[in-house]
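Structure record follows, encoded as structure tokens.
Hydrogens, waters and symmetry mates are skipped; everything else that's a heavy atom, side chains included, is used. Throughout, numbering of the chain's residues begins at 1 and tracks the sequence. What you are looking at is a predicted structure, and each value in this text was computed from that prediction instead of being measured.
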Amino acid sequence: MMKSKADEEDYWNSSKFKAFTFDDEDDEFSRLKESKQTVNSIRRLVEEDDDEDDVEKVSWSGEPVGSISWSVRETAASNQRTDREPAFPKINTDTPRITKSNSGYSLSSLFKGKTKGGNFLSFTESLSDSSVRLYAPELRKPKSEYKDYISDWSPEETVQRMQQGKVVSLEKFRSLQDKLLLLDFAVSAHDGNVITAVLIYLKRTLSKEVLFRELESRQTALRHFIHYLTETRDQRLLLELLRALGRTEDMALLQYKEHLSIADENKRRDFLKSCLSLPFSPEDSAHVQDHYTLLERQIIIEATDRQAECDGKVEIFQKFPRRASILNMPLVTTLYYCCFYHYTESEGTYSSPANIRQTFRISEKQYFVTALAARAKLKAWFDVDALFTSRNWLGFTRKKSPLSFQRVVDILQKNSAPTQVLQEYVGLVDDADLKISLAQKHKCHDIVINTYRDLKDRQLLLGYRGKVERGSVEERKINELLNNPQIRWKN
């Protein structure tokens, strides 16, 4: 049964489905056509004259549509209507209103690039306008700069960056070849800090055997490494390095230096005794032997003198108390100490100055100077005089000194020797002018008067008479010489 045309129209009008037609509104072409019409309508709005800009749209609250305060209120209202999104914090809207009349830009100017007055702005002018704030996305850094973080550098580039003080990672150099290249470039750069930094990395990542073998052929790096181990006091590794290099004498001296860190004198003595078997050179071996012998003797002398000082039976310790211990003192100080406190002891005792002189092969001049200073300090002038007295093969005595008598006078004067003692040694100076100068300096008047007499210089004697005290023995002696008719004066 065929439906009528009226029934058919009712069916299609009442149903949600529509019959297919080529002019259907929902097809792709229709939608595209509508989009084109919309764009054209917007273009016409933008291209309207500036008369449109004079019309200002306002909201129900009286605020201009598109203003800052209007945008804030609209945003706040939309946030309140949305329960799923958190509300924005309250924003102060008491800012000055910016209306179109005060602004130099309109909607059309944003598209056309012209101001409200109709003048077009160039791109550079818009950039130079301080009132226009441009917002642009931050650009990523060049890919080359990201090498700082991935350490994608060659050994040579890594050394150059280390010289510039930049942070680099050496962990990427894992093979032995790369590590040695890194060390070679560091040495070629002549930068001690870079060399040391690379050596620290090699010390941590290479075995000792491999590191020592490679450093042996790189003397500059080897010196830096030895200095580094010395500064960090890594004695154990330094000893192993020297032993591996065959530098036995350096190894022995390094081990010998460890005695400086031993405070107890008995333990230090035992340590020095163990060092006697180390492979020193002949000269160094003699010094180490003397050091051990001296410390051993000092320990004995110190114990004996401390006990004698406590007992109070030895007079010299009561008159001149000891100011310091003799332990670990130099050889010359030990000799001076023994000349001061044990000068008269026999040669068979450890504290005898003669025994010390013989044991440690002290030269005559060194012994003479030390003994002279010690006995002069004690004002033992008889012992001082005995130092100069010598006998010839005929039995005659005369004064002899390994020092110049000018130096002897200076030592005696520093120890406050009396004029009579100084005068005796000033008279032994050979040079006449130097003798007169020293005699005048130390007021040895008899030396000056006798020298002028021997020179038969009357005028010098008359001049010197004015320098002595009136009525003194020296003045009477000068007058007697001047009045002596047997002296034939030169002037």
Side-chain angles (χ1 to χ4, degrees), residues 256 259 265 268-269 272-273 275-276 280-309 314-317 319-320 322-393 395 397-412 414-415 417 421 425 428:
Y256 164 72
H259 79 274
E265 59 272 10
R268 180 179 288 194
R269 177 197 58 194
L272 291 174
K273 186 176 181 179
C275 290
L276 297 177
F280 293 103
S281 64
E283 184 179 0
D284 292 336
S285 180
H287 288 310
V288 175
Q289 178 67 54
D290 288 343
H291 189 180
Y292 165 71
T293 305
L294 178 62
L295 181 58
E296 185 179 34
R297 185 165 298 201
Q298 287 173 344
I299 293 174
I300 297 173
I301 296 173
E302 177 68 19
T304 304
D305 290 355
R306 186 188 297 119
Q307 185 64 38
E309 190 175 21
V314 181
E315 181 182 359
I316 191 170
F317 289 119
K319 292 180 64 176
F320 302 97
R322 301 189 314 150
R323 296 182 180 180
S325 171
I326 196 178
L327 294 174
N328 299 314
M329 291 296 175
L331 177 59
V332 175
T333 305
T334 304
L335 178 61
Y336 181 91
Y337 177 91
C338 292
C339 288
F340 194 93
Y341 289 106
H342 304 281
Y343 189 72
T344 58
E345 290 184 6
S346 62
E347 190 174 344
T349 60
Y350 280 139
S351 55
S352 168
N355 188 303
I356 292 178
R357 175 186 178 183
Q358 181 179 3
T359 301
F360 297 99
R361 304 170 300 280
I362 299 175
S363 65
E364 179 186 4
K365 187 175 183 178
Q366 183 67 67
Y367 176 82
F368 183 88
V369 172
T370 307
L372 176 63
R375 303 318 291 173
K377 186 72 173 179
L378 283 172
K379 307 296 188 290
W381 307 121
F382 178 80
D383 295 335
V384 169
D385 185 72
L387 287 172
F388 297 93
T389 303
S390 63
R391 293 180 179 274
N392 59 16
W393 62 279
T397 60
R398 64 186 184 94
K399 293 191 180 297
K400 181 182 178 182
S401 170
L403 297 176
S404 65
F405 282 102
Q406 179 186 359
R407 177 79 185 280
V408 171
V409 171
D410 290 339
I411 295 174
L412 295 177
K414 289 179 181 178
N415 288 280
V421 175
Y425 296 99
L428 296 174

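- When all heavy atoms of Ala371 and Tyr343 are compared, the pair lying nearest together is CB-CE1, 4.4 Å.
- Distance check, rounded to the nearest 0.5 Å: CZ of Arg322 to CD of Glu309 gives 5.0 Å.
- With values rounded to the nearest 0.5 angstrom, Ile326 atom CD1 is found 11.0 Å from Leu295 atom CG.
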* To do: Please report the C-alpha distance between Arg268 and Asn328 in whole Å, then the side-chain angles of each, then the deciding distance to 0.1 Å, and finally whether the side-chain contact (heavy atoms from CB on, under 4.5 Å) criterion is met.
  => CA-CA 10 Å; Arg268 180 179 288 194; Asn328 299 314; 3.3 Å; yes
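- When side chains are defined from C-beta on, Ile299 counts as touching Leu327, because their heavy atoms get closer than 4.5 Å.
- Among residues at least two apart or in separate chains, ring-ring contact (aromatic ring centres under 6.0 Å, His included) pairs with a member in residues 348-383 are Phe368-Phe388.
- Using a 4.5 Å heavy-atom threshold, the side chains of Leu412 and Val421 count as touching.
- The distance from atom CG of Leu372 to atom CG of Leu387, rounded to the nearest 0.5 Å, is 6.5 Å.
- Among residues two or more places apart in sequence or in another chain, the side chain to side chain contact (heavy atoms under 4.5 Å, CB included) test is passed with His291 by Tyr256, His259, Leu272.
- The closest donor-acceptor contact from the side chain of Thr333 to the backbone of Met329 lies at 3.5 Å or more, if one exists at all.
- The structure places CG of Asp410 at 11.5 Å from CG of Asn415, a figure rounded to the nearest 0.5 Å.
- Side-chain contact check for Glu345 and Ser351: at least one donor-acceptor pair (N or O, by modelled atom type) lies under 3.5 Å.
- Heavy-atom minimum distance, Val314 versus Ala308: CG2-CB, 3.9 Å.
- Between Ala376 and Val384, the shortest heavy-atom contact is N-CG2, 4.0 Å.
- In this structure, Val332 and Gln366 approach most closely via the heavy-atom pair CG1-NE2, 4.0 Å.
- Within the model, atoms CG of Leu331 and CD of Gln298 stand 8.5 Å from one another, a figure rounded to the nearest 0.5 Å.
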All N/O donor-acceptor pairs, side-chain side in residues 401-409, below 3.5 Å, sequence neighbours left out:
| from | atom 1 | to | atom 2 | distance (Å) |
| --- | --- | --- | --- | --- |
| Ser401 | OG | Leu403 | N | 3.0 |
| Ser401 | OG | Leu403 | O | 2.9 |
| Ser404 | OG | Arg407 | N | 3.4 |

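- Sorted by first then second residue, the salt bridge (charged side-chain N to carboxylate O under 4.0 Å, His left out) pairs that include residues 280-298, not counting sequence neighbours, are Asp290-Arg361.
- Panel note: side chain Thr334, backbone Pro330; a donor-acceptor pair is recorded below 3.5 Å.
- Closest non-hydrogen pair, Cys338 versus Ile356, comes out as SG-CD1, 3.2 Å.
- For residues 322-342, every residue pair satisfying the ring-ring contact (aromatic ring centres under 6.0 Å, His included) rule, not counting sequence neighbours, is listed here: Phe317-Tyr341, Phe320-Phe340, Tyr337-Tyr341.
- Looking only at distances, a side-chain donor or acceptor of Thr349 sits under 3.5 Å from a matching main-chain atom of Ser346.
- Ionic pairing of Glu302 and Arg306 is present here: one or more N-O contacts between side-chain nitrogen and carboxylate oxygen are shorter than 4.0 angstrom.
- Applying the salt bridge (charged side-chain N to carboxylate O under 4.0 Å, His left out) test to pairs two or more places apart or on separate chains, those with a residue in residues 374-386 are Arg375-Asp383, Asp385-Lys399.
- Rounding to the nearest 0.5 Å gives a distance of 10.0 Å between SG of Cys339 and CZ of Arg357.
- Thr359 has its side chain out of reach of Leu294: every pair of non-hydrogen atoms, C-beta onward, lies at least 4.5 Å apart.
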